[in-house]
Amino acid sequence: MTILIKQSTIETFREVLKKKQRDFKVIVNISGGKDSTFLLDLCLRYLGPKNIDAIVYIEVPGNTHQLNVELVHKIIDYYNNFFDVKEKFVHIKKPGCYCHEHREIEDFWTYMQRHAEIPYCHKARWCMYKMKFNYLGEFIEEMKWPKRKIVTIAGIKLSDSKFRKSRYQEYVGKLMPGAIQSHEWVPYGYFAIPILEYTTSEIWSYLKIVVPELYNELKRVYDEYGDTLNCIFCPFKDKSTIQKHARHDDIRRFLLEKLSKIEPKKEQSRKVKERWMKILKAPNLEIPI
Ligand code: SF4
């Protein structure tokens with residue numbers, strides 16, 4: 001089987017290289033999932049490690065499973081054998097965000113509980129900008145890299161959701177200028193999205209052929225858990241993924257305990273909570289893994 005790399009990937013990488021030649025810093029975001037592993041693979045092979053300044057992995061405080069952390073380190077170890085990526089790898093792990101109202105650091109669950117806000121749509125994804133963008137920003141500041149001279153590469157696909165299809169269609173093969181709004185992925189420099197046009201099955205096929213060891217590991221985790229648990233809870237997960245989480249007693253208990261402590265104020269947040277609680281408590285949990 002021939003593996004075709006889409007023209008839009010090549011065009012996006014050309015644009016990234018043009019920025020790199022103008023002293024931009026290039027950051028590849030990974031999460032341990034199949035999409036970001038595919039993204040990292042393409043970046044290493046087609047952009048080249050010398051054109052990548054950092055490979056950044058961010059834990060969401062209190063909501064990232066240890067399994068995800070271990071998986072990311074396996075992926076980095078694997079690529080380190082071929083591309084010497086360890087020195088570029090940045091693992092960001094913070095205890096949470098400082099809350100001026102409560103004068104304390106709050107992790108994902110404490111924040112939700114105290115502020116009664118379960119994220120429910122793209123614009124309400126406080127977790128994304130509080131616990132991912134902020135940390136990425138802090139890293140860029142620590143490195144003393146000018147924020148306007150950053151290209152952040154991420155593994156988003158048009159087929160992920162209707163929102164993504166309408167939001168990112170115009171950036172196929174192009175760079176997206178950094179966004180000001182907090183619900184956008186990256187508020188700095190430029191955003192490169194080289195895998196927009198791939199389908200899930202194309203990504204699995206690529207991984208199976210090109211990196212079978214990683215494919216086997218990722219497939220096992222997806223079959224068993226539904227995804228790789230960079231966020232254990234996420235309002236955007238579908239029913240079958242939540243059901244797979246629920247088959248693991250430790251994860252089911254953890255989620256039920258955490259969610260039961262939250263009393264959402266907004267109608268949309270309440271619906272997200274009810275949906276999760278209903279699936280987690282459903283009696284179909286005897287299905288063998
Ligand atoms: S994956 Fe979901 S829960 Fe995690 S940061 Fe993004 S929107 Fe929030």
Side-chain angles (χ1 to χ4, degrees), residues 29-37 39 56-69 71-72 91-97 99 106-139 152-157 159-164 167-168 179 181-187 191 193 195 200 218 221-222 225-242 244-246 251 254-256 258-259 261-262 264 266 268-277 279-280:
N29 280 291
I30 61 166
S31 67
K34 64 181 183 336
D35 294 352
S36 74
T37 305
L39 173 81
V56 174
Y57 164 63
I58 304 173
E59 285 189 44
V60 176
N63 196 28
T64 294
H65 198 286
Q66 185 56 24
L67 179 147
N68 182 265
V69 178
L71 189 54
V72 167
H91 177 170
I92 299 178
K93 180 183 168 72
K94 306 255 181 178
C97 300
C99 171
E106 295 174 342
D107 75 359
F108 180 83
W109 294 99
T110 316
Y111 181 90
M112 273 214 286
Q113 197 183 334
R114 289 181 175 170
H115 301 261
E117 272 192 63
I118 296 184
Y120 56 86
C121 71
H122 284 86
K123 289 192 178 180
R125 287 185 305 167
W126 53 265
C127 39
M128 202 70 182
Y129 54 86
K130 266 183 176 294
M131 296 180 171
K132 286 208 162 177
F133 300 163
N134 273 1
Y135 300 157
L136 183 63
E138 284 169 15
F139 164 69
T152 305
I153 311 181
I156 289 175
K157 314 196 295 305
S159 57
D160 288 337
S161 66
K162 280 187 191 159
F163 171 84
R164 286 190 171 171
R167 183 71 190 90
Y168 298 111
Q181 297 98 320
S182 54
H183 63 276
E184 294 282 3
W185 168 248
V186 63
F191 187 31
I193 330 167
I195 68 162
T200 294
L218 283 162
V221 175
Y222 274 85
Y225 293 88
D227 63 26
T228 58
L229 300 166
N230 181 233
C231 278
I232 305 171
F233 170 84
C234 173
F236 301 108
K237 294 197 186 195
D238 63 21
K239 186 177 176 185
S240 74
T241 304
I242 304 171
K244 284 186 180 173
H245 292 0
I251 296 178
F254 172 83
L255 286 166
L256 285 172
K258 296 286 189 190
L259 285 169
K261 289 182 185 160
I262 301 161
K266 292 195 178 112
Q268 297 100 318
S269 293
R270 191 180 55 71
K271 282 187 179 161
V272 173
K273 175 181 169 177
E274 280 173 5
R275 174 173 170 264
W276 271 74
M277 296 291 276
I279 301 171
L280 291 168

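All residue numbers refer to positions in the sequence shown, counting from 1. Values below: every heavy atom of this structure, side chains too, minus hydrogens, waters and symmetry copies. We count ligands from 1, going down the list as the structure has it; atoms in each ligand are counted the same way. Predicted model, so just to flag it, every value in this text is computed and none were measured.
- For Thr241, the side chain to side chain contact (heavy atoms under 4.5 Å, CB included) test picks out Asp227, Lys237, Asp238, His245, with sequence neighbours left out.
- Judged by distance alone, the side chains of Tyr225 and Asn68 never bring a donor and an acceptor atom under 3.5 Å apart.
- Ring planes of Phe108 and Phe233: tilted class, angle from 30 to 60°.
- Using a 4.5 Å cut-off on side-chain heavy atoms (C-beta onward), Ile232 and Val60 make no contact.
- Considering only heavy atoms from C-beta on, Ile193 comes within 4.5 Å of Tyr168 through its side chain.
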Using the rule given for salt bridge (Lys or Arg N to Asp or Glu O under 4.0 Å), can you reason through Lys94 versus Glu59, listing the C-alpha separation, both sets of side-chain angles and the distance that settles it, and then say yes or no? CA-CA 7 Å; Lys94 306 255 181 178; Glu59 285 189 44; over 6 Å; no
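- Taking distances strictly below 2.8 Å, the protein N/O/S atoms close to atom 4 (Fe) of ligand 1 are Cys231 SG.
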